[in-house]
Amino acid sequence: MRTLLELVLHYVHFPVESLPSTTSPLRQNTVGHPLFHPHDVSHFATTQISIRPTLQSTIVDSIITLVSQCNKYINSSRQSIISSGPSPLLNNQKYWLSTVKALSSNEQPIRILYASQTGTAKLFAYQLHDQLSQEYPHRQVTIEGWHEAKSPDQLLQPGKALHVFLSSVAGVGEPPDNGRKFYDWITNEATPDLSGLEYAVFGLGSTAGHSAYFNVIGKSLDTRLEELGASRVLEIGLGDDGDCIEDDFDNWMESFDTMLKSGDSAAEGDDGIVSEEVIDVAASAVDTQQQREQLQKHDTMHHDVETEDEFPRVSCPGIALTEDDMRMTSRKYPTIQLRARESGMVRKHLFHLNGTTDQFYTDGTGQLDVIGNKVLGVEAGESAMHEMKVILRDYSKTHTEMEYETGDHLVIFPQNSQCIIDAYLDLLDVDRHAIIAQEGQPDSYPFPKGLTIYETLRHCVDLGAVPSPSSARMITGNKDIDYKAEIAYPRRTPLDLILQHKRRLSLEDLLYHVVPPMKPRYYSIASSNVKHPSEIRLVYRAVKYITTLGMLREGVCTSYLSHKGYVGTSDFAHIAAYINSNPSFRLPKDTSIPLLMIAGGCGVAPIRGLLEERITLAKSQPSLGPATLYLGFRSPDDEVYRQMIEYAESLGALTDAVISYSTGSLDNCMVSDIVTKNGAHVWNHFESGGVTFLCGGARAFGAAMEKAFLDVIQEHGQRDFTGAEQYLRAMKKDGKLMDDLAD
């Protein structure tokens, strides 16, 4: 029978290099084991362990002393993150030790502060704001982006509020663009003392892409605030987009709420005691049959759901579709003020809101003409890649020209498809063309005012997104729903949950809670400004798949783009988009530097832009440095741009090209296999100071390529795994490895 002390000795894990001695018994017992392995924690937490009463006090004291020592070593190691970069031994795991202190007051205001690259952290911040505003109406709850303060120091109010920080990770361990100024300030040695500031942190990262930098921004911020004298009141939350980040955030919000309600920290014991947070590394496997059984169970289960008669109702003559001119509202959310329709017209874009308090598009967004949209693969079928041509002339601003550089992104504001909008509108008891009034609207209303309900559903909310855990519980009426198994993994949408459970929703519940805001989508530009300064090309693949429950799903933005027609006339389709600068992805100015370009699938887009620029340069500079291309496609039918590649080789813009297929050929292989087979060449390229470009999906492709690089460095560079990781990190830091990875 194991004792608690034995379990702690066996399972406590911390960086090996931080231990004081190679003969330390702690080192001998802990190398290679994660902090409190989840299975055994569950086991010894629910199993009676035989310990003589006279020894209990001694053992408990030993455990506290031991864990305190571990905390000391880990904090020492964590403090090096800011100065020397993230440690892979810490950042690629979802385990964290920290000191949690008691909350000083239950009445102080709560400030929610976020930094977001693609909008998820911002979405979570607003979800937290909504929940806290409902649960604690007597407390002041405010929300602000890190970039919104006039100066970084004005973002913080020590001693005056509880600060909640949310931040994602951008690129390779970088802060989000709108959070960089604050992050650089907080990590600067000259940052003032922050004693009296109480805080909690939720980080957003992914173990599937750049796992060595998993949540490095949230972790380093959490550590830095403590170093500056601030008091942590809740263990850091580590959201993992490689698994189910919505569930991670929901669990952390529950812990935050528990901490507020208890008036104490979430850690048990006295002020300053060490607590541990253990989050499952891998999702539980759930087979299709189990999910179908759960779905069938919900069809017959009784839920405590409000009936239509129990909803509050207000009079809306000329707007409500009922005979008595009454419409449903919400018990939780303020009533949205509506006025009667003016026409049945629906705006295709929302540029008329620019410059107003209801502006929807980001500054710099233009109305761009689509002058081409074609399928690239003749026999690739529905999964074929498409190429779209867009003129960079903003017709919303009297034909203003927009500029870009090779390697930049085009950020597009998508729209929901008409059939899905109609399906949601059929659930509401109001006229679809009724106008959301500008006067008398609650301050908490989250979308632009003055739009019709139809326009709001078309532009402002993501009707194809998976609902949040709280939304799923509200729709199903089941507080104990298994979110991962029943909602996230089968990719359920609010619509099919509403239809399955025969739920009627008010307009307020729909817009305030059920559907999330629409986020713009980032696309790598597939052309060079050197060749086409006023025109860009995009490469995309229409996303379409069947879920594990047999439901058809389509990507919101790729579906929107694929229906943008071009008939060769002056009557063009338009998209609303802006240029996002990507200075960390550029061809070197010295054209003699060797290049290695690696891409899979739609990762060919930025590679096409690089190739186009190299071709243009080759016509005027015949002595370009060597350039190798490793490119992978699903099958020969999926292959694109072969003629361009052959032309680049003929001009000397490309020295060598290897194209592989994962299926449909006699020698199927992955791009990572090509890298491994050509390991000697890849290693010589690394050592020569060449620049490597890596483009494709972050989760599968990016992870496979990182493993391939590490294998090459270990085998041909004669380094161990730790040395290979350090070498790869140095390449990224020095700009020798540039990636454009996204899912």
Side-chain angles (χ1 to χ4, degrees), residues 208 241-247 250 282-303 305 380-386 414 416-427 457 461-478 480-505 510 514-516 518 521 540-563 601-602 634-635 637-638 662-664 697 699-700 743:
D241 196 37
D243 183 9
C244 184
I245 197 169
E246 295 85 0
D247 202 37
D250 189 60
S284 301
V286 181
D287 60 32
T288 303
Q289 181 59 33
Q290 183 179 349
Q291 294 179 31
R292 291 185 186 278
E293 290 173 355
Q294 289 165 339
L295 181 60
Q296 182 63 32
K297 179 178 67 175
H298 281 288
D299 284 336
T300 58
M301 183 185 295
H302 171 73
H303 299 296
V305 181
E382 290 184 331
S383 63
M385 282 187 269
H386 294 64
N416 292 300
S417 66
Q418 183 174 336
C419 64
I420 296 178
I421 298 170
D422 288 341
Y424 274 94
L425 289 168
D426 289 343
L427 300 173
L457 295 190
V461 296
D462 191 342
L463 299 180
V466 174
S468 68
S470 59
S471 296
R473 287 192 289 266
M474 186 194 80
I475 296 171
T476 63
N478 182 8
D480 299 320
I481 193 170
D482 186 340
Y483 181 76
K484 288 184 182 180
E486 300 178 57
I487 306 297
Y489 294 162
R491 304 298 298 173
R492 303 298 299 273
T493 66
L495 180 61
D496 59 67
L497 288 177
I498 291 168
L499 294 175
Q500 176 194 341
H501 295 278
K502 301 178 175 58
R503 182 68 187 269
R504 297 286 294 183
L505 290 180
L510 182 67
V514 171
V515 290
M518 180 73 83
R521 269 58 167 184
Y540 66 94
R541 189 193 304 275
V543 176
K544 184 180 293 186
Y545 61 95
I546 301 296
T547 71
T548 55
L549 292 177
M551 301 175 181
L552 177 65
R553 294 284 183 263
E554 294 186 352
V556 172
C557 195
T558 58
S559 176
Y560 168 67
L561 294 179
S562 65
H563 291 95
C602 285
R634 294 178 178 178
S635 67
D637 288 337
D638 193 49
S662 56
T663 61
R699 301 190 186 191
D743 289 313

Polar side chain donor-acceptor pair, Ser559 to Ser562, under 3.5 angstrom: no

Minimal non-hydrogen separation, Pro490 against Leu549, with atom names: CB-CD1, 3.6 Å

Side chains of Asp496 and Thr493, donor plus acceptor under 3.5 Å: yes

Lys484 backbone acceptor or donor facing Asp247 side chain under 3.5 Å: no

Heavy-atom closest contact (Leu552 atom, Lys544 atom, distance): CD1-CG, 3.6 Å

Evaluation steps, side-chain contact (heavy atoms from CB on, under 4.5 Å), between Asn478 and Arg473: CA-CA 5 Å; Asn478 182 8; Arg473 287 192 289 266; over 6 Å; no

Atom of Leu505, atom of Met474 and distance for their closest heavy-atom approach: CD2-CE, 3.9 Å

Val466 backbone acceptor or donor facing Arg492 side chain under 3.5 Å: no

With Pro467, the side chain to side chain contact (heavy atoms under 4.5 Å, CB included) member among Thr476, Leu495, Ile487: Ile487

Test side-chain contact (heavy atoms from CB on, under 4.5 Å) applied to Ser383 - qualifying residues, sequence neighbours left out: Arg541, Arg634

Residues Asp482 and Tyr489: side-chain donor-acceptor under 3.5 angstrom: no

Partner set under ring-ring contact (aromatic ring centres under 6.0 Å, His included) for Tyr540, not counting sequence neighbours: His386

